[in-house]
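To keep things clear, I will list the structure first and then write my remarks on it.
Worth saying up front: this structure is predicted, and the values here are computed from it rather than measured. Every chain is numbered from 1, with letters handed out A, B, ... down the list of sequences.
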There are 2 protein chains.
Amino acid sequence: MTTINKLDVEHGSIVMKLLGDKTRLSIVCLLMHDECCVCELVEILQMSQPSISQHVKKLKAAEIVKERRQGQWIFYRINTDSQVYPLIESITSFFPEQQEKIIDLEKKGLRVCCD
Amino acid sequence: MTTINKLDVEHGSIVMKLLGDKTRLSIVCLLMHDECCVCELVEILQMSQPSISQHVKKLKAAEIVKERRQGQWIFYRINTDSQVYPLIESITSFFPEQQEKIIDLEKKGLRVCCD
DNA sequence: CAATTATATAATCAATTGTTTATATAAAGA
DNA sequence: TCTTTATATAAACAATTGATTATATAATTG
């Protein structure tokens, strides 16, 4: 049994505003499945690299995502430790699975893998 | 057992942007408990009447709220028939109950009642 | 170490947003 | 019908936002 931790409206509206952008909402939905690096997001969302970087920067500033550098790449993932994670999880559950976009990326050989 | 109807990101981000404003998020949280007229929202949120009217207009345009005229007053309430209502309900559940603000209004004798 | 690849950052700019002030509409009451 | 009360709307404006272009940083590879 989980008790929901209430958020204040001030903080919540900031998070909601961040998700109130088509690109960022897509990024967050995508990252719910898998971590992705910037170039993968660029390919999937068909947007410029600086634009994607600016969006993930905002998500990072709000602690919605975390980053992890691996070689040349910087991988972004959902910050499940965040106070707003339950809200994020709840919101993204209303949107369609984005997995097929990552699968398409693999098919095109554009998936970044570092082992 | 309820099956969640998925929303598309395009539509969802518009709704999220509307809730990404402190005033509108507060209004929606308040209306989850009770319908309110504009002058009650003005009093509770301590904002100008035109400002509140502009905000509820946007919420109405997105079909998040409905209006009902009663005499001089126009009461706004959550549109529970909307396709995005489950999302609204889910999001608002993360924020504190706003009931005490309506109770305070009653104590001050500022609650609008038409019978 | 020079070239390449991935990402970040900064400057610029058009578009959007939220508030205020002023005015219009519409119902109620004297 | 004139006044009051409640609400809507329009115009103006400052602030914020998101995209683009150009440049910087940082790791990799030859």
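Of the side-chain N and O atoms in B:Tyr76, none sit less than 4.0 angstrom from OP1 or OP2 of D:dA6. Under 4.0 angstrom from either OP1 or OP2 of D:dA19 there lies at least one side-chain N or O belonging to A:Ser51. The phosphate of C:dT20 (OP1 or OP2) has a side-chain N or O of B:Ser48 nearer than 4.0 angstrom. Side-chain nitrogen and oxygen atoms of A:Arg24 include at least one within less than 4.0 Å of the OP1 or OP2 phosphate oxygen of D:dG18. For the OP1/OP2 pair of D:dT17 and a distance below 4.0 Å, the side-chain nitrogens and oxygens of B:Lys17 include no atom meeting the criterion. Note on A:Lys57: every side-chain N or O is 4.0 Å or more away from OP1 and OP2 of C:dA8.
Atom CD of A:Gln70 is separated from atom P of D:dA27 by 13 Å (rounded to the nearest Å). Going from atom CE of B:Met47 over to atom P of C:dG18 covers 10 Å, rounded to whole Å. Between the P atom of C:dT25 and the CD1 atom of B:Ile74 lies a distance of 15 Å, rounded to the nearest Å. Distance B:Ile27 CD1 to C:dG18 C1': 12 Å, rounded to the nearest Å. One atom, CG of B:Leu25, and another, C1' of C:dT17, lie 17 Å apart when rounded to the nearest Å. Between the CE atom of A:Met16 and the P atom of D:dT17 there is a distance of 16 Å, given to the nearest Å. Summarising the geometry, the separation between CH2 on A:Trp73 and C1' on D:dT28 is reported as 8 Å, rounded to the nearest angstrom. One interatomic measurement links the two molecules: CZ of B:Phe75 to P of D:dA8, which rounds to 12 Å at whole-angstrom precision.
As judged by a 4.0 angstrom heavy-atom cut-off over every strand, A:Lys22 is placed among residues making no nucleic acid contact.
Looking at B:Gln49, its side chain comes within 3.5 Å of the base of D:dA8 through a donor and an acceptor atom. A donor N or O paired with an acceptor N or O is found under 3.5 Å between the base of C:dT5 and the side-chain atoms of A:Gln72.
Within the 3.5 Å criterion, the main-chain N or O of A:Asn79 finds no donor-acceptor partner in the side chain of A:Arg77. Remark: the backbone N or O of A:Ser93 is paired with a side-chain donor or acceptor of B:Lys6 at under 3.5 angstrom.
With A:Tyr76 as the partner, the side chain to side chain donor-acceptor pair (under 3.5 Å) test is satisfied by one option alone out of A:Lys60, A:Lys66, A:Glu40, A:Glu67: A:Glu67.
For A:Asp8 and B:Lys22, the salt-bridge test fails: no basic side-chain N is under 4.0 Å from an acidic carboxylate O. Under 4.0 Å is where a charged nitrogen must lie from a carboxylate oxygen, and between B:Asp104 and B:Arg111 no such pair does.
For B:Gln54, taking side-chain heavy atoms from C-beta onward, the closest of the listed nucleotides D:dT17, D:dT20, D:dA11 is D:dA11. Out of C:dT7, C:dT21, D:dT20, the shortest distance to the side chain of B:Pro50 is found at C:dT21.
In this structure, NE2 in A:His33 is found 6.5 Å from CD in A:Gln98, a value given to the nearest 0.5 Å.
Take the nearest nucleotide of DNA chain D for A:His55 and for B:Arg69: the residue whose nucleotide is more 5' is B:Arg69. Comparing A:Thr23 and B:Val38 by the nucleotide of DNA chain D whose heavy atom lies nearest to each, the residue mapping closer to the 5' end is B:Val38.
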